[in-house]
Participant: 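Starting off with a structure, shown below.
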2 protein chains.
Amino acid sequence: MTLPKRVDDQAELSHESVREAEEIFNSHLKRVGLKHTAQRDAILRTFLVTRDHLSTEELHHLVKRRDEGIGFTTVYRTLKLLAECGLASEVAFHDGVTRYEHQYNRRSHHHMVCTECGSSVEFFSPEIEKIEKEIGRKHRYVTTRHTFQIYGVCDQCQTKKPKRRK
Amino acid sequence: MTLPKRVDDQAELSHESVREAEEIFNSHLKRVGLKHTAQRDAILRTFLVTRDHLSTEELHHLVKRRDEGIGFTTVYRTLKLLAECGLASEVAFHDGVTRYEHQYNRRSHHHMVCTECGSSVEFFSPEIEKIEKEIGRKHRYVTTRHTFQIYGVCDQCQTKKPKRRK
DNA sequence: ATTGCTGCAAACGATTTGCATGAGG
DNA sequence: CCTCATGCAAATCGTTTGCAGCAAT
């Protein structure tokens with residue numbers, strides 16, 4: 001129900017897309033005087049072929065499949081870099097973990113999260129984009145991004161018994 | 001333009017409003033079999049006369065002015081209770097701290113946060129409410145709430161020099 | 001009395017940093 | 001070479017929990 005996903009549009013991002021993302025990343029690195037390393041490359045590539053919202057932990061896990069030796073810290077720091085150059089963005093469901101998703105080729109989608117089971121649905125809502133711009137203009141902000149999440153109880157969980165007070 | 005009302009209803013919440021909020025809180029306590037205590041009362045009252053978005057820490061600080069002996073943990077737990085009965089709601093700016101704001105008499109407002117200086121602006125956008133409902137219906141969720149935040153750089157910070165890499 | 005509450009201190013867990021070693025330009 | 005990157009371990013920091021004594025019903 002919550003993982004409509006990724007039949008094949010996602011499993012393999014086109015080579016040009018990957019190339020382009022690497023381009024963006026590399027020039028960002030250059031711009032701020034950082035180095036291009038094998039680890040950063042591996043992390044970016046791993047990240048690009050994911051979907052949904054990964055915690056640093058989860059991405060680290062995936063990255064290790066590609067290269068056993070890469071440490072958590074490096075993934076952590078690289079994710080920050082990716083966020084800086086716009087390839088990744090943080091999504092915070094309210095569960096104490098910071099997640100990232102890749103922003104590359106993905107526009108204006110948002111999440112609705114079930115507060116019972118934690119599953120989530122993606123939806124698109126272009127109006128939100130307009131609202132961001134409009135509010136920004138009104139208050140003289142240069143807006144860079146926004147977050148929009150809906151919380152509720154999914155169809156499945158509605159039929160289960162409610163819980164109370166852990 | 002973004003603050004339709006509340007000229008003076010905020011500096012000092014009316015007695016009836018406070019009363020009403022206490023009503024809500026107390027009946028929530030009763031409903032779930034919890035007790036009414038002096039601390040909880042003090043915390044609610046302190047909370048009600050705040051504005052903006054307080055971390056547990058900050059509220060604890062304020063509460064201590066009213067009653068020195070109240071501990072952090074109690075504030076923390078009470079805040080959860082307030083959130084449960086709808087008097088408070090969490091707002092998560094992406095800075096690692098959970099903040100709460102009181103929901104009492106406050107409808108459908110959102111925040112735009114400056115990523116440079118951390119200041120924030122409130123705005124109202126009733127469309128968002130509609131979108132929540134609509135998306136919920138579409139995916140068969142019973143929606144309970146949403147979060148919407150815009151991030152950007154405020155007027156002031158735009159004129160300052162950009163910073164890099166802490 | 002009984003059950004929940006409080007505050008302290010300790011546990012927790014995600015995130016962040018210091019540092020010695022290794023690699024990129 | 002010199003600077004930055006890496007990975008580990010340790011530090012941090014907000015949050016959460018266990019518990020012994022206290023208070024509300």
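Just so we're on the same page: letters track the sequence lines, and every chain starts at 1. All values below come from the heavy atoms of this structure, side chains included, with hydrogens, waters and symmetry mates left out.
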Participant: Within the structure shown, what part of the strands sits under 4.0 Å from T73(B) by heavy-atom distance: base, sugar-phosphate, or nothing?
Facilitator: base
Participant: How many whole angstroms separate atom CG of D41(B) from atom P of dC5(C)?
Facilitator: 14 Å
Participant: Nearest of dT15(C), dT16(D), dC5(C) to any side-chain atom of Y76(B)?
Facilitator: dT16(D)
Participant: Expressed in angstrom and rounded to an integer, what is the separation of L34(B) atom CG from dT6(C) atom P?
Facilitator: 10 Å
Participant: Kindly give the heavy-atom pair with the smallest separation between Y151(A) and F93(A), and that separation in Å.
Facilitator: OH-CA, 3.7 Å
Participant: Should the heavy atoms of other residues, nucleotides or ligands under 6.0 Å from CZ of R140(A) be counted, would the total exceed 12?
Facilitator: no
Participant: Identify whether any heavy atom of K80(A) sits under 4.0 Å from a base atom; if not, whether one sits that close to sugar-phosphate; answer base, sugar-phosphate or nothing.
Facilitator: sugar-phosphate
Participant: Using the closest heavy atom to pick a nucleotide of DNA chain C for each, name whichever of Q39(B) or K35(B) lands nearer the 5' end.
Facilitator: K35(B)
Participant: Across the strands shown, which category fits E57(A) at heavy-atom distances under 4.0 angstrom: base, sugar-phosphate, nothing?
Facilitator: nothing
Participant: Expressed as a whole number of angstroms, how long is the span from I70(B):CD1 to dT6(C):P?
Facilitator: 8 Å
Participant: NZ of K30(B) versus P of dA24(D): gap in Å, rounded?
Facilitator: 15 Å
Participant: Report the distance from atom CZ of F72(B) to atom P of dT17(D), rounded to the nearest whole Å.
Facilitator: 13 Å
Participant: Between P on dC8(C) and CZ on R77(B), what's the gap in Å once rounded to a whole number?
Facilitator: 12 Å
Participant: Just wondering, more than 12 heavy atoms not from E57(B) lying within 6.0 Å of its CD?
Facilitator: no
Participant: If you find the nucleotide of DNA chain D closest to Y100(B) and the one closest to A38(B), which residue's nucleotide is nearer the 5' end?
Facilitator: Y100(B)
Participant: For R40(A) and dG7(D), give me the distance from atom CZ to atom P, rounded to whole Å.
Facilitator: 11 Å
Participant: Can a salt bridge be assigned to the pair E132(A) and R145(A) using a cut-off of 4.0 Å between side-chain N and carboxylate O?
Facilitator: no
Participant: Whole angstrom is fine here: how far is it from NE2 in H60(B) over to C1' in dT15(D)?
Facilitator: 14 Å
Participant: By nearest nucleotide on DNA chain C, pick out whichever of G33(B) and V97(A) is the more 5' one.
Facilitator: G33(B)
Participant: For residues H146(A) and H110(A), is any side-chain donor paired with an opposing acceptor at under 3.5 Å?
Facilitator: yes
Participant: Touch check for T98(A), heavy atoms < 4.0 angstrom, all strands: base, sugar-phosphate only, or nothing?
Facilitator: sugar-phosphate
